Amino acid sequence: MKIVILTGSPHHPGTSEQLADAFEETVVQNGNEVYRFDAGRRVNEFSLLQLEDDHAGMEVALHPDDVVENEVLPKLIDADLVVLVTSLYYYGVNAALKAIIDRFYAYNHELHGGKQAVTLVSGYGDDDAFASLNLYFQQLLDYMRWQPAGSVLASGAWNDEKLQQHVKEASILGQQFK
Ligand SMILES: Cc1cc2nc3c(=O)[nH]c(=O)nc-3n(C[C@H](O)[C@H](O)[C@H](O)COP(=O)(O)O)c2cc1C
């Protein structure tokens, strides 16, 4: 399978990074073709969504000559599986990941359907703290018409023992993609 992993946290070494690493290791071992973009650590290489003026309700996106336009979006369009990795920041996704998601807009048509999606999330709160984010991912995947194919929710990620269990879950989840 062609797999694209998008991470959003700027934190290294980080908790969501560990989930991504474990998942990636498994899917690479299984012979998948993997492209990973760590958006949170590469924010200087891409721009936020930019739209042309005077297109109210019919937004027209500009296409900056950056890594998202030239590398990330072509890989995404081609992907069978999209893996969205984030830590919980103020009840939502990391800003860098959101900036990449907003850039989907110019390619909505090409990106819709025909893909599976996995979400890997970490955060300090307990499960209840992830309610908004869970709903967001559910609605996003629904809108993109991407088939949900599994998720790992590493709540209480300050607790390394608990976190390592979730890292193992991410590794096991990766086993199903070949
Ligand atoms: C800017 C910021 C916002 C955060 N917001 C939340 C939050 O809303 N709820 C929560 O449980 N933890 C929150 N946290 C804690 C992180 O989710 C937690 O430290 C997580 O393990 C970080 O993952 P990372 O190492 O992959 O970045 C926040 C941390 C930061 C830096």
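Note that the structure is a prediction, hence the values are computed from the model and not measured. Numbering of residues begins at 1 and proceeds along the displayed sequence.
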N159 (side chain) donor-acceptor with E161 (main chain) under 3.5 angstrom: yes
Distance (rounded to the nearest 0.5 Å) between E110 CD and L73 CG: 9.5 Å
E17-H12 side chain donor-acceptor pair, cut-off 3.5 Å: yes
Pairwise distance OG(S122) to CH2(W158) - rounded to 0.5 angstrom: 14.0 Å
Note: K115-D78 ion pair, threshold 4.0 Å (strictly below): no
Side-chain atoms of residues 127-144: list all donor-acceptor pairs with protein atoms under 3.5 Å, sequence neighbours left out, distances to 0.1 Å.
from	atom 1	to	atom 2	distance (Å)
D127	OD1	S155	OG	2.7
N134	ND2	F130	O	3.3
Y143	OH	N108	ND2	3.0

Spacing of R145 atom CZ and H112 atom NE2 [to the nearest 0.5 Å]: 4.5 Å
Donor-acceptor pair, side chain of N32 and main chain of K2, under 3.5 angstrom: no
Salt-bridge contact R36-D21 (side-chain N to carboxylate O under 4.0 Å): yes
Plane angle bin for Y107 and H63 - parallel if under 30°, tilted between 30 and 60°, otherwise perpendicular: perpendicular
Salt-bridge criterion met for K98 and D102 (N-O under 4.0 Å): yes
F104 reachable from L51 in the ILVMFWY side-chain graph, under 4.5 Å edges: no
Check: S9 main-chain N/O paired with T7 side-chain donor or acceptor under 3.5 Å: no
Full working for salt bridge (Lys or Arg N to Asp or Glu O under 4.0 Å) between D66 and R42: CA-CA 11 Å; D66 67 8; R42 299 182 63 176; over 6 Å; no
Partners meeting side chain to side chain donor-acceptor pair (under 3.5 Å) with Q165 (sequence neighbours left out): none
Members sharing I5's hydrophobic cluster (side chains within less than 4.5 Å): M1, I3, L19, F23, V27, V28, V34, L81, V83, V85, V118, L120, V152, L163, V167, L173, F177
Taking every non-hydrogen atom, the tightest pair across A106 and A61: CB-CB, 3.5 Å
Polar side-chain atom of R103 near backbone of L49 as donor-acceptor pair, under 3.5 Å: no
